[in-house]
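In what follows, a structure is listed as structure tokens, so that the remarks can point back to it.
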2 protein chains.
Amino acid sequence: MLPNSSTPHTPQECNAAMRPVRDALDLLGGKWKLPIIVGLTSGPRRFKQLQREVAGITAKMLSKELKELEINGLIIRHVQADAAPVAVTYTLAAYGRTLYPVIESLRTWGQQHRRHIMHPETLEAAAGEWAAPEALSA
Amino acid sequence: MLPNSSTPHTPQECNAAMRPVRDALDLLGGKWKLPIIVGLTSGPRRFKQLQREVAGITAKMLSKELKELEINGLIIRHVQADAAPVAVTYTLAAYGRTLYPVIESLRTWGQQHRRHIMHPETLEAAAGEWAAPEALSA
DNA sequence: CACACCGGTATACTTCGGTAAACCGCTATC
DNA sequence: GATAGCGGTTTACCGAAGTATACCGGTGTG
């Protein structure tokens, strides 16, 4: 349940409650952030390796997204300058793994939504739950 | 924990696992979807009423977002054609309320992320968790 | 020598999300 | 008669997000 869902909200209160949600969405939003994170769940990856794994991402996007993820502490960039062709590896940080419950939550809902779209008969039981519209404070 | 996080992934498997996540993100992404849903948690609202409450949204965006939310069964649009100036009310569907855990999950992580940004000292303990990069399959 | 892999960057382009402002018919109010 | 509210639509525009393609210096492979 959402906190205070039964108490009156001011727009200000609503926005304050929304801010962390928007923070999270800004970090995770876009087409590629989550696929990259998931790609790193099974261990460190190198740039091209990751690009092959994420399937469809361009080098430019991968580079940009990795920078942002690193800035936010979700992944770690490790450079081996000694090796012959300088090797770069990206690792999911422990902090990045704190996202698992969030991803899991999104995934569960998304799966159930697919089922819901396929079988819309369960769409009933959604009307008449609130006071009749006439009772609205105009 | 993410399912199969220890078993090898093919890119195809990864994409299949990501699809529901992207579905959810497509529905919830953007600047306004969540604020609108939250605005409807405390009861039905009329168009202008909602526009005032969401704070900053233009009529066009509100109209567009409401359409999408309705198509996805998250909200219900109710028209009273009989009333003098045709009254329209939007109600959060029962299905829309199934999003609460997801929102809550995002909110919790977002809050903790704010704290994490403020006090980055906890950033340690993130390196050296995987095999040394040399162990990578090139 | 030519070629491919590495880790990206540069440039140019298109598409999308969102903004700003005007406008519509209708009604109620002063 | 003017003004304001309702529930939007229309048009025009902007910047961010994302795509496509070429290119860079380095190395190792045939």
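A note on names: the letters A, B, ... follow the listed sequences, proteins ahead of strands, and every chain is numbered from 1. In what follows, every heavy atom counts, from backbone to side chain, and hydrogens, waters and symmetry copies are set aside.
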Legend entry - Distance below 4.0 Å between B:S63 side-chain N/O and D:dG7 OP1 or OP2: no
Legend entry - B:R46 side-chain N/O to D:dC6 phosphate OP1/OP2 under 4.0 Å: no
Inset, instruction - Locate the shortest heavy-atom distance separating A:L25 from B:L28; write the atom from each residue and the value. - result: CD2-O, 3.7 Å
Closest approach to the side chain of [X], judged atom by atom: which nucleotide of [options] is it?
X     : options              : answer
B:E65 : C:dG8, C:dG18, D:dG8 : C:dG18
A:K48 : C:dG18, C:dG7, D:dT9 : C:dG7
B:T58 : D:dT9, C:dT19, D:dG8 : C:dT19

Inset, instruction - Rounded to the nearest 0.5 Å, what's the gap from CD1 on A:I36 to NZ on A:K31? Could you check? - result: 12.0 Å
Can you tell me how far [atom2] of [N] sits from [atom1] of [X], to the nearest Å?
X     : N      : atom1 : atom2 : answer
A:H78 : C:dG8  : NE2   : P     : 13 Å
B:Q51 : C:dA20 : CD    : C1'   : 13 Å
A:L66 : C:dT9  : CG    : P     : 10 Å
B:Y90 : D:dC6  : OH    : C1'   : 12 Å
A:I57 : C:dG8  : CD1   : P     : 13 Å
A:R52 : C:dG8  : CZ    : C1'   : 14 Å
A:Q49 : C:dG7  : CD    : C1'   : 13 Å
B:K67 : D:dG7  : NZ    : P     : 15 Å

Inset, instruction - Sorted by first residue and then second, give each salt bridge (Lys or Arg N to Asp or Glu O under 4.0 Å) pair with at least one member in residues 85-94 of chain B; sequence neighbours left out. - result: none
At a cut-off of 3.5 Å, list every protein nitrogen or oxygen paired with a nitrogen or oxygen from nucleotides 10-17 of chain C, distance to 0.1 Å.
from, atom 1, to, atom 2, distance (Å)
C:dA12, N6, A:K60, NZ, 3.1

Just by modelled atom types, is the [Y] backbone N or O under 3.5 Å from a matching donor or acceptor in the [X] side chain?
X      : Y      : result
A:T108 : A:E104 : yes
B:R77  : B:T89  : no
B:R114 : A:P20  : no
A:E53  : A:L50  : no

Distances for protein N or O near nucleotides 22-30 of chain D N or O, under 3.5 Å:
none

Inset, instruction - Using side-chain contact (heavy atoms from CB on, under 4.5 Å) as the criterion, point out the one residue from A:I103, A:V102, A:D23 that pairs with B:W109. - result: A:V102
Legend entry - No-hydrogen, no-angle side-chain donor-acceptor test under 3.5 Å, A:H78 and A:Y90: no
